[in-house]
Asker: 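The structure under discussion is supplied below as structure tokens; questions concerning it will follow.
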Amino acid sequence: MRWPCCLLSVLIALATITEARDLKPATLSAYERYVALTGQRLAAERAGAAPFMWIDRQPPATRDALMTRLRRGEVVTERLETMDQGRSITVDGGLIHHWLGTVLMPNVSVDRAVSFVQAYDDYPRVFGPMIQRARVLTHDGDHYVVSMRTSVKKVITVVMDIDYVVDYHRLSPTRTWTTNVATNMYQVDNPGTTAERREQVDRTSGL
């Protein structure tokens, strides 16, 4: 007997600047090329040229092992790389981090999962203390613009203010995909104090 479930994969691609205060045009150009090629591949998968879910594109033995891990409640992560005609894309002055995460949520419908994700005002309560504040700036149907402040501590604490442009697309009653593009990115120094100061991330340390 099969139970209703939601198999959710999250794809993350971002660039890290390796030199402070120096976002080179070549770095941005290479990243935009990477994003464009990744988008082409995703479009082909959504059109049915390849299985919709990453896990279904794996060899049978690998897929079975991954499903066993997911049913145990694990989050499966995988580092990905988009190639340009079989060659790696060189990013002068930067690094591209491209990851995919997959989680299985038994007895959760796609509609319920999407409703949870779209409840942005609840993010500080649900995902705190990493997400310190969140609010919807604009909302029109399946199009959202959301502002969030996040705090991440890895040896040092980095606080960011970022706006996200999020679009939801329903392919079928059981399949939905979204795009989430970060804009207006600021690093925040001395957050919550009278000395709080924001600076655009391409003018900071590159964290």
Side-chain angles (χ1 to χ4, degrees), residues 8-40 42-43 46 77 80 82 91 93-101 103 110 113-154 156-170 176-207:
L8 176 67
S9 286
V10 179
L11 180 71
I12 300 174
L14 56 89
T16 299
I17 308 164
T18 57
E19 297 180 26
R21 302 179 184 273
D22 189 17
L23 179 57
K24 300 177 181 178
T27 307
L28 182 58
S29 178
Y31 179 68
E32 290 176 341
R33 175 65 175 165
Y34 192 100
V35 170
L37 290 174
T38 302
Q40 291 175 16
L42 293 172
R46 292 192 296 267
T77 61
L80 306 181
T82 295
V91 184
L95 297 171
I96 291 179
H97 303 274
H98 186 175
W99 291 85
L100 181 140
V103 61
V110 170
V114 170
S115 295
F116 177 84
V117 173
Q118 291 177 341
Y120 296 105
D121 291 343
D122 288 339
Y123 276 30
R125 176 180 60 84
V126 176
F127 299 113
M130 184 182 72
I131 297 183
Q132 299 185 338
R133 65 190 189 197
R135 63 188 181 98
V136 177
L137 301 179
T138 63
H139 171 210
D140 182 10
D142 290 324
H143 176 80
Y144 290 77
V145 179
V146 184
S147 177
M148 294 189 201
R149 171 167 290 188
T150 60
S151 176
V152 178
K153 184 175 183 179
K154 297 292 184 181
I156 63 173
T157 299
V158 178
V159 178
M160 305 285 291
D161 281 347
I162 306 176
D163 293 344
Y164 298 90
V165 180
V166 190
D167 289 285
Y168 294 81
H169 310 267
R170 177 61 63 95
T176 294
W177 64 278
T178 73
T179 57
N180 188 326
V181 179
T183 65
N184 300 326
M185 303 172 67
Y186 294 89
Q187 185 170 314
V188 184
D189 295 326
N190 304 307
T193 72
T194 56
E196 179 176 307
R197 182 174 62 88
R198 303 198 315 168
E199 190 165 9
Q200 291 180 335
V201 292
D202 59 345
R203 299 178 181 274
T204 64
S205 59
L207 295 170

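Treat the numbers as computed from the prediction; the structure is a model and nothing was measured.
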Asker: I want to check something: taking the side chain as every heavy atom from C-beta on, are M160 and Y186 in contact at a cut-off of under 4.5 Å?
Answerer: no
Asker: Could you report the tightest heavy-atom contact between S151 and V159, atom names first, then the distance?
Answerer: OG-CG2, 3.8 Å
Asker: Not counting sequence neighbours, list each pair that qualifies as a salt bridge (charged side-chain N to carboxylate O under 4.0 Å, His left out) and has a residue in residues 133-148.
Answerer: R133-D161
Asker: Under 4.5 Å between any side-chain heavy atoms of M148 and I162, yes or no?
Answerer: no
Asker: Tell me the closest heavy-atom pair linking Y34 and L80, and the distance in Å.
Answerer: OH-O, 3.9 Å
Asker: Find out whether Y31 and I96 are in side-chain contact, i.e. whether some heavy atom of one side chain is under 4.5 Å from a heavy atom of the other.
Answerer: yes
Asker: What I'd like to find out is whether the side chain of V110 reaches to under 4.5 Å of the side chain of R170, using heavy atoms alone.
Answerer: yes
Asker: Does R46 have more than 12 heavy atoms from other residues, nucleotides or ligands lying within 6.0 Å of its CZ?
Answerer: yes
Asker: Taking T179 as the fixed residue, which of V165, D167, L42 is the one that meets the side-chain contact (heavy atoms from CB on, under 4.5 Å) rule?
Answerer: D167
Asker: Listed by chain and number, what are the ring pair (Phe, Tyr, Trp, His ring centres under 6.0 Å) partners of Y120, not counting sequence neighbours?
Answerer: Y123, Y144
Asker: Any idea how H169 and W177 line up, ring-wise: parallel (<30°), tilted (30 to 60°), or perpendicular (>60°)?
Answerer: parallel
Asker: Does the side-chain contact (heavy atoms from CB on, under 4.5 Å) test come out yes or no for N190 and R197, once each step is laid out?
Answerer: CA-CA 7 Å; N190 304 307; R197 182 174 62 88; 5.8 Å; no
Asker: Determine the minimum heavy-atom distance between P124 and Q132, stating which atoms define it.
Answerer: CB-O, 3.7 Å
Asker: Between atom CE of M130 and atom CZ of R149, what is the distance when rounded to the nearest 0.5 Å?
Answerer: 14.5 Å
Asker: Give me the atom names and distance for the closest heavy-atom approach of D121 to A134.
Answerer: OD1-O, 3.7 Å
